[in-house]
There are 2 protein chains.
Amino acid sequence: MSATSKTKGETTRERILEIAESAVLAKGFSNTSIDEIIAEAELTKSGFFYHFRDKTALAQALLSRSFEQDDQILGGIFERARELSDDPLHAFLIGLKMFAETMGDMDEAHPGCMVATVTYHDKQFNNEIRAMNRAGMIRWRSLFLSFLEDIVRTYPPRTEVDIDVLADMLSSTVEGGIVLSKVFNDPKVLADQILQYRTYVRLLFLGN
Amino acid sequence: MSATSKTKGETTRERILEIAESAVLAKGFSNTSIDEIIAEAELTKSGFFYHFRDKTALAQALLSRSFEQDDQILGGIFERARELSDDPLHAFLIGLKMFAETMGDMDEAHPGCMVATVTYHDKQFNNEIRAMNRAGMIRWRSLFLSFLEDIVRTYPPRTEVDIDVLADMLSSTVEGGIVLSKVFNDPKVLADQILQYRTYVRLLFLGN
DNA sequence: GCGAAAACTGTACCTTCAGTCCAGTAAATC
DNA sequence: GATTTACTGGACTGAAGGTACAGTTTTCGC
């Protein structure tokens, strides 16, 4: 068995996660039953519990998977943005525009969507899930902060701001934008909110 | 029976809602059982279903109640803010500061908390709930828009913005801020995000 | 104070769902 | 060919959301 190929178990596990993900994003976690997942995955209940200790373990795996995908998307966008401009401010603004476009084109699987789904379901959810959530949010903060720290070095802000809060504001904008997008059933709302954040950043460091 | 006093049924109904609300905010909707609620309310299952057709009807009543309370809080704050300054911009800024302070002092019953709880649980939730959610969001938008429309009349914005999006940005900030507050288990995060929005508004119309 | 409507109680029953236990088996791996 | 991995099958449990419906108490209008 080579290092890259998957065992049979890994393949099944991923099939379960794939099916569960689309069901959870469509109907919410508690409205997705194990019976329903195993029916679509064509395996038995025993088979399911061979892979996941309980339903919370499934949630954990879904969240972990979702964070990996989100990190890929976000990382990719802002890495490309850095390539397109040597100036940190303009790179950040380019990244934000691409980010808004990407989000406007999605309709269900928004980065952060699983975060909020799980966060709102939780409270009885275990500590590992909360820790993963926190770790993910801190990772995003670091990414945005890496731009902001470079920016303040060359662009004095027009008013005093805490760049940690400014970094978190983007995460907050995404999470809040998803709620509004769901309520109004329109992905454009999220894209508009990200662009509004972009306008703020531009105004703050560029003055227009 | 005078017009203001409550019938026995209304009293019981409100007792149920009171108990359900704190349980839902503490543990989430699907982790709150009807059995648990009726035990605390000291009535039977039949009694519960006399007041609510099913659990979804309870969610609906909770959301409606929560919107009424939120409207009261928000309305009160921004009415007071208008009293404190004749200038629409400064009134809005005062309102935002009071709003941030109010949110920072709360820890569970944030306005909008029930909105997001229900929004994320939904999808199988009926159309009435989605309509209520939309109506509530539109009401908030109107409130904030009433300030912004007055503001743009005397303060030309430093850069071009869609004030509808800017109005929604506050709702978005609250919803997103609640997610972050939950993840980091710190109400200050929400307050900081509202203050960051305030900084944006000040910068946009006042330039500092 | 009486009758009707409102506000329940009590019991029994049904379904879905998460989860457990465990014995057996097919397939991959060493 | 033995061992581990990846399951199947079946029987069962307890919690939770209901449903059905007959009977009882409480309140209200007159």
Side-chain angles (χ1 to χ4, degrees), chain A residues 1-20 23-24 26-63 117-118 121-126 128-129, chain B residues 1-20 23-24 26-63 117-118 121-126 128-129:
Chain A
M1 179 73 63
S2 78
T4 50
S5 74
K6 289 162 192 167
T7 64
K8 202 195 172 198
E10 277 166 351
T11 309
T12 306
R13 197 185 136 94
E14 272 169 39
R15 197 170 72 247
I16 294 171
L17 287 173
E18 201 88 11
I19 291 164
V24 168
K27 308 185 298 176
F29 186 72
S30 51
N31 298 321
T32 302
S33 71
I34 294 171
D35 285 347
E36 175 193 340
I37 294 166
I38 62 177
E40 206 179 321
E42 289 176 317
L43 79 155
T44 61
K45 217 172 202 182
S46 316
F48 175 87
F49 285 106
Y50 175 79
H51 290 287
F52 301 99
R53 200 162 66 267
D54 49 31
K55 215 189 169 188
T56 300
L58 175 68
Q60 209 171 312
L62 281 174
L63 190 60
T117 300
V118 170
H121 189 274
D122 105 344
K123 217 73 189 199
Q124 147 256 43
F125 267 12
N126 63 41
E128 287 171 70
I129 286 187
Chain B
M1 176 77 59
S2 78
T4 50
S5 75
K6 289 163 193 166
T7 64
K8 201 198 171 198
E10 278 165 350
T11 310
T12 305
R13 198 185 135 94
E14 272 169 40
R15 197 169 73 246
I16 293 171
L17 289 173
E18 201 87 12
I19 292 164
V24 168
K27 308 184 298 176
F29 186 71
S30 49
N31 299 320
T32 302
S33 71
I34 294 171
D35 284 347
E36 175 192 340
I37 295 166
I38 62 178
E40 206 178 323
E42 288 176 317
L43 81 156
T44 60
K45 217 173 200 182
S46 317
F48 175 87
F49 285 107
Y50 176 79
H51 289 287
F52 301 99
R53 201 161 66 266
D54 50 29
K55 215 189 170 189
T56 301
L58 174 68
Q60 208 171 313
L62 281 174
L63 190 61
T117 300
V118 170
H121 189 275
D122 103 346
K123 218 71 188 201
Q124 147 255 46
F125 269 10
N126 62 40
E128 287 171 72
I129 287 189

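Note on naming: letters A, B, ... go to the chains in the order of the sequence lines (proteins, then strands), and numbering restarts at 1 for each one.
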Which residue lies more 5' along DNA chain D, comparing B:Glu36 with A:Glu42 via nearest heavy atoms: A:Glu42

Is the phosphate of [N] approached by [X] (side-chain N or O, under 4.0 Å from OP1 or OP2)?
X	N	value
B:His51	C:dC8	yes
B:Lys55	D:dG17	yes
B:Thr7	C:dA6	no

Round to a whole Å and report the spacing from [atom1] of [X] to [atom2] of [N].
X	N	atom1	atom2	result
B:Tyr50	C:dA7	OH	C1'	5 Å
B:Leu58	D:dG17	CG	C1'	12 Å
A:Ile34	C:dC17	CD1	P	10 Å
B:Asp54	C:dT15	CG	P	19 Å
A:Phe49	C:dC21	CZ	C1'	12 Å
A:Lys45	C:dT16	NZ	P	12 Å
A:Asp35	C:dT15	CG	P	15 Å
A:Leu43	D:dT8	CG	P	5 Å

For a quick check of understanding: with a heavy-atom distance under 4.0 Å over all strands, which category does [X] fall into, base, sugar-phosphate or nothing?
X	result
A:Ser46	base
B:Gly47	base
A:Thr32	sugar-phosphate

So which heavy atom on [X] is nearest to which on [Y], and how close?
X	Y	result
A:Ala61	A:Phe52	CB-CE2, 3.8 Å
B:Asp54	B:Phe49	CA-CE2, 4.0 Å
B:Glu36	B:Asn31	OE1-O, 3.9 Å
B:Ala20	B:Ile37	CB-CD1, 3.9 Å
B:Ala41	B:Arg15	O-NH2, 2.7 Å

